[in-house]
Amino acid sequence: MPLKIIRDDITKVPVDAIVNAANKTLLGGSGVDGAIHRAAGPALLEECRRLGGCPTGQAKITQGYNLPATYVIHTVGPIWQGGNSDEAEQLASCYQNSLQLAKTYDLKSMAFPLISAGAYGYPKEQALEIAISTINAFLQQNPLLVYLVLFTEEDLILSHQWLKP
Ligand code: AR6
């Protein structure tokens, strides 16, 4: 099944797992991370404290608590530094490791935000390209319903332009 690109608030999406664009501490932050912690409630932070952080490009799973999603997969995107510091490989690893975790947990559906494309400054077109190509490569081998959830109309339009042949 091909990737579905939608505009929504990821905290409202009823899937088996939503992915959080976290930082290495896994202790919360602004952007989508803040929104997920607010919607999930304080028990999420309690569980995150026990995880001991997460390296860039890796992913860890928790319960979803008050979210409609059953689980949250926390991944840490790279901070954009101009493009010559392995940012593309690290960003692709975020998607791959999150998808792999979903497979390990036998999940049927999951939703990603556009990792690194906010506070971490990754250029949106390039972030979109990596998200779409990495997820679609995985979906050629694995049955899973995957949403890429964009937060603004502008990002959705950008994704349509990018998807044009
Ligand atoms: N639903 C879907 N997408 C959202 C939502 C939402 N509710 N809120 C924001 N976005 P960012 P990063 C989009 O900054 O760049 C945090 O402080 C947003 O428009 O959330 O990976 C962490 O703790 C953008 O396209 O994540 C880290 O310190 C995308 O989510 C740092 O920010 C990612 O923006 C991570 O930065």
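For ligands, and for the atoms within them, numbers begin at 1 and follow the listed sequence. The chain is numbered in sequence order, starting from 1. Worth saying up front: this structure is predicted, and the values here are computed from it rather than measured.
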Any N/O pair [X]/ligand 1 closer than 3.5 Å:
| X | result |
| --- | --- |
| Val32 | yes |
| Ala21 | no |
| Gly121 | no |

Closest approach of any protein heavy atom to [atom], naming residue and atom:
| atom | result |
| --- | --- |
| atom 21 (O) of ligand 1 | Ser116 N, 2.9 Å |
| atom 15 (O) of ligand 1 | Gly118 N, 2.8 Å |
| atom 32 (O) of ligand 1 | Ala119 CB, 3.6 Å |
| atom 16 (C) of ligand 1 | Ser30 O, 3.4 Å |
| atom 1 (N) of ligand 1 | Ile10 N, 3.0 Å |

Going from [atom1] on [X] to [atom2] on [Y], what distance comes out if it is rounded to the nearest 0.5 angstrom?
| X | Y | atom1 | atom2 | answer |
| --- | --- | --- | --- | --- |
| Ser30 | Asn23 | OG | CG | 9.0 Å |
| Ile5 | Tyr147 | CD1 | OH | 13.0 Å |
| Leu99 | Gln141 | CG | CD | 12.5 Å |
| Glu129 | Ser159 | CD | OG | 13.0 Å |
| Lys24 | Cys54 | NZ | SG | 10.0 Å |
| Asp16 | Asp106 | CG | CG | 9.0 Å |

Report, in ascending order of atom number, the atoms of ligand 1 lying under 4.0 Å from any heavy atom of [X].
| X | result |
| --- | --- |
| Asp9 | 1 (N), 6 (C), 7 (N) |
| Leu114 | 29 (C), 33 (C) |
| Asn23 | 22 (C), 23 (O), 27 (C), 28 (O) |
| Gly29 | 17 (O), 23 (O) |
| Ala117 | 15 (O) |

### Task
Between Asp33, Val13, Thr152, Leu150, flag the one that comes closest to atom 23 (O) of ligand 1 by a heavy atom.
Asp33

## Note on the structure
Among Tyr120, Tyr122, Phe151, the residue with a heavy atom nearest to atom 27 (C) of ligand 1 is Tyr120

### Query
Is atom 18 (C) of ligand 1 in close reach of the protein, with a heavy atom under 4.0 Å away?
no

### Task
Flag yes if Tyr105 and Phe112 sit in one hydrophobic cluster, no otherwise; membership is Ile, Leu, Val, Met, Phe, Trp, Tyr, and two members link when side-chain heavy atoms are under 4.5 Å apart.
yes

### Task
In plain terms, say whether Asp155 and Arg7 are close enough for a salt bridge, that is, a side-chain N and a carboxylate O under 4.0 Å apart.
no

### Output field: ring centroids Tyr120/Trp80 closer than 6.0 Å
no

### Message
Looking at Glu154, I want to see if its CD is surrounded by more than 12 non-hydrogen atoms of other residues, nucleotides or ligands under 6.0 Å.
### Response
no

